[in-house]
> 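Here it is: the structure, laid out below.
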Amino acid sequence: IPIRFVKVTHFLHAGMKASHPGSERKNYTLDLNTSIDHILNRWNKNRKRILKKSEALNPVLDQKVSASEFLDFYEKVPKYKPTNPRCLKALKSLVNASNDAVHLWGVRINGELQSALCWIHDHHRIYYVVPVTSNKGKVSGAATFMIFKLIEAYLNKGYRLDFEGSMDA
């Protein structure tokens with residue numbers, strides 16, 4: 001690391017807040033080298049109730065959400081409305097990356113996209129980077145369903161789920 005350098009931080013959604021210099025930032029990670037029962041036993045009652053509620057609505061996990069649909073959804077949800085053009089430019093660059101590490105998933109209920117997630121995998125680590133959920137998605141528990149499916153897909157494969165920036169939102 002050079003003696004002097006410029007630190008650049010991109011806030012990809014409006015909910016992220018800057019840390020104060022010298023402050024400790026906590027980051028939640030989850031070891032996926034275990035059983036689904038072990039993980040679910042650690043979830044609180046409310047999270048389990050939300051998952052059960054969402055599953056009853058017959059959600060469909062879409063593992064191939066297009067970059068344009070993801071960005072349109074992101075811009076339509078008021079909470080995530082970008083205020084800084086540089087942030088939106090960085091997000092567009094990320095979701096349009098043409099590599100196998102960047103994934104765009106969504107949950108549809110009755111054909112309507114209610115939650116979307118941009119996540120990245122790299123060397124046995126999954127980074128939960130940009131989650132977006134509409135008001136309908138909050139009510140339906142679509143985000144919880146998507147996290148459950150992501151966990152389920154990578155159980156016992158040597159991965160750790162890293163909720164990157166989850167404590168800033």
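Keep in mind that the numbers below use all heavy atoms, side chains included, and drop hydrogens, waters and symmetry copies.
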> Please check if the side chain of Asp62 supplies one atom and the backbone of Val107 the other of a donor-acceptor pair under 3.5 Å.
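No, because the side chain of Asp62 does not come within donor-acceptor range (under 3.5 Å) of the backbone of Val107.
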> Hey, are the side chains of Glu75 and Leu88 touching, using non-hydrogen atoms and a 4.5 Å cut-off?
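Yes. Closest side-chain heavy atoms under 4.5 Å.
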> Determine the minimum heavy-atom distance between Pro59 and Glu55, stating which atoms define it.
CD-O, 3.8 Å
> Rounded to the nearest 0.5 Å, what separation is found between the CD1 atom of Ile147 and the OG atom of Ser54?
10.5 Å
> Near Lys48 NZ, under 6.0 Å, is it more than 12 heavy atoms from other residues, nucleotides or ligands?
yes
> Go through the structure and list residues passing ring-ring contact (aromatic ring centres under 6.0 Å, His included) with His38, not counting sequence neighbours.
none
> Distance check, rounded to the nearest 0.5 Å: Ile126 atom CD1 versus Asp122 atom CG?
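Answer rounded to 0.5 Å: 11.0 Å.
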> Could you check if a side-chain atom of Leu94 sits within less than 4.5 angstrom of a side-chain atom of Ile120, using non-hydrogen atoms only?
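A side-chain contact under 4.5 Å exists here.
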> Hydrophobic clustering (ILVMFWY, side-chain heavy atoms < 4.5 Å, transitive) - are Ile50 and Tyr128 grouped together?
no
> For a 4.5 angstrom cut-off between non-hydrogen side-chain atoms, does Val95 reach Val130?
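In short, these two side chains do not touch, never coming nearer than 4.5 Å.
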> Report yes or no: do Leu32 and Leu117 belong to one cluster of Ile/Leu/Val/Met/Phe/Trp/Tyr joined by side chain heavy-atom distances under 4.5 Å?
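In one cluster with Leu32: Leu117, yes.
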> Parallel, tilted or perpendicular: which fits the ring planes of Trp43 and Phe148, with parallel below 30° and perpendicular above 60°?
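Trp43 vs Phe148 ring planes: perpendicular.
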> Show the numbers, then the answer: is there a side chain to side chain contact (heavy atoms under 4.5 Å, CB included) between Leu150 and Met146?
CA-CA 6 Å; Leu150 183 60; Met146 187 161 26; 5.6 Å; no
> Locate the shortest heavy-atom distance separating Phe73 from Leu113; write the atom from each residue and the value.
CE1-O, 3.4 Å
> Return the NZ to CG distance between Lys64 and Leu104, rounded to the nearest 0.5 Å.
10.0 Å
> With a sphere of 6.0 Å drawn around CG of Asp100, does it hold more than 12 non-hydrogen atoms of other residues, nucleotides or ligands?
no
> Which class fits the ring pair Tyr159 and Tyr154: parallel under 30°, tilted 30 to 60°, perpendicular over 60°?
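The arrangement is perpendicular - the two ring planes meet at more than 60°.
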> Taking the side chain as every heavy atom from C-beta outward, state whether Leu57 and Asn110 have any pair of such atoms under 4.5 Å apart.
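Leu57 does not reach Asn110 side chain to side chain.
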> At what distance, to the nearest 0.5 angstrom, does OG of Ser115 lie from CH2 of Trp105?
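Here the rounded value is 12.0 Å.
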> Is any side-chain heavy atom of Leu71 closer than 4.5 Å to a side-chain heavy atom of Ser68?
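They are not in contact (no side-chain heavy atoms under 4.5 Å apart), so the answer is no.
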> What side-chain donor-acceptor pairs closer than 3.5 Å can you find for residues 136-144, not counting sequence neighbours?
from   : atom 1 : to     : atom 2 : distance (Å)
Lys136 : NZ     : Glu112 : OE1    : 3.2
Ser140 : OG     : Gln114 : OE1    : 2.7
Ser140 : OG     : Lys136 : O      : 3.2
Ser140 : OG     : Gly137 : O      : 3.2
Ser140 : OG     : Ala142 : N      : 3.4
Thr144 : OG1    : Arg47  : NH1    : 2.5

> Looking at Asp31, I'd like to know if its CG atom is crowded, meaning that more than 12 non-hydrogen atoms belonging to other residues, nucleotides or ligands lie closer than 6.0 Å.
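Result for CG/Asp31: enclosed.
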> With a 4.5 Å cut-off on side-chain heavy atoms, are Thr133 and Val77 touching?
no
> Is it true that Lys149 and Glu152 make a salt bridge, defined as a side-chain N closer than 4.0 Å to a carboxylate O?
yes
> Would Leu40 end up clustered with Leu155 when hydrophobic side chains under 4.5 Å apart are linked, directly or stepwise?
yes
> Around Asn96, counting heavy atoms of other residues, nucleotides and ligands shown, do more than 12 lie under 6.0 Å from its CG?
yes
> Roughly how far, to the nearest 0.5 Å, is CZ of Arg108 from CG of Leu61?
10.0 Å
> Any idea which heavy atoms bring Gly106 and Val65 closest together, and the distance?
N-CG2, 3.4 Å
> Sub-3.5 Å donor-acceptor pair from the side chain of Asp162 to the main-chain atoms of Thr29, do we have one?
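Flag not set: sc Asp162 to bb Thr29 has no pair under 3.5 Å.
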> Grouping I, L, V, M, F, W and Y whenever their side-chain heavy atoms are under 4.5 Å apart, do Val60 and Ile151 come out in a common cluster?
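Each belongs to a different hydrophobic cluster.
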> According to the interplanar angle, ranging from 0 to 90°, do the rings of His121 and Trp119 count as parallel (below 30°), tilted (30 to 60°) or perpendicular (above 60°)?
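Ring orientation, 0 to 90° scale: tilted.
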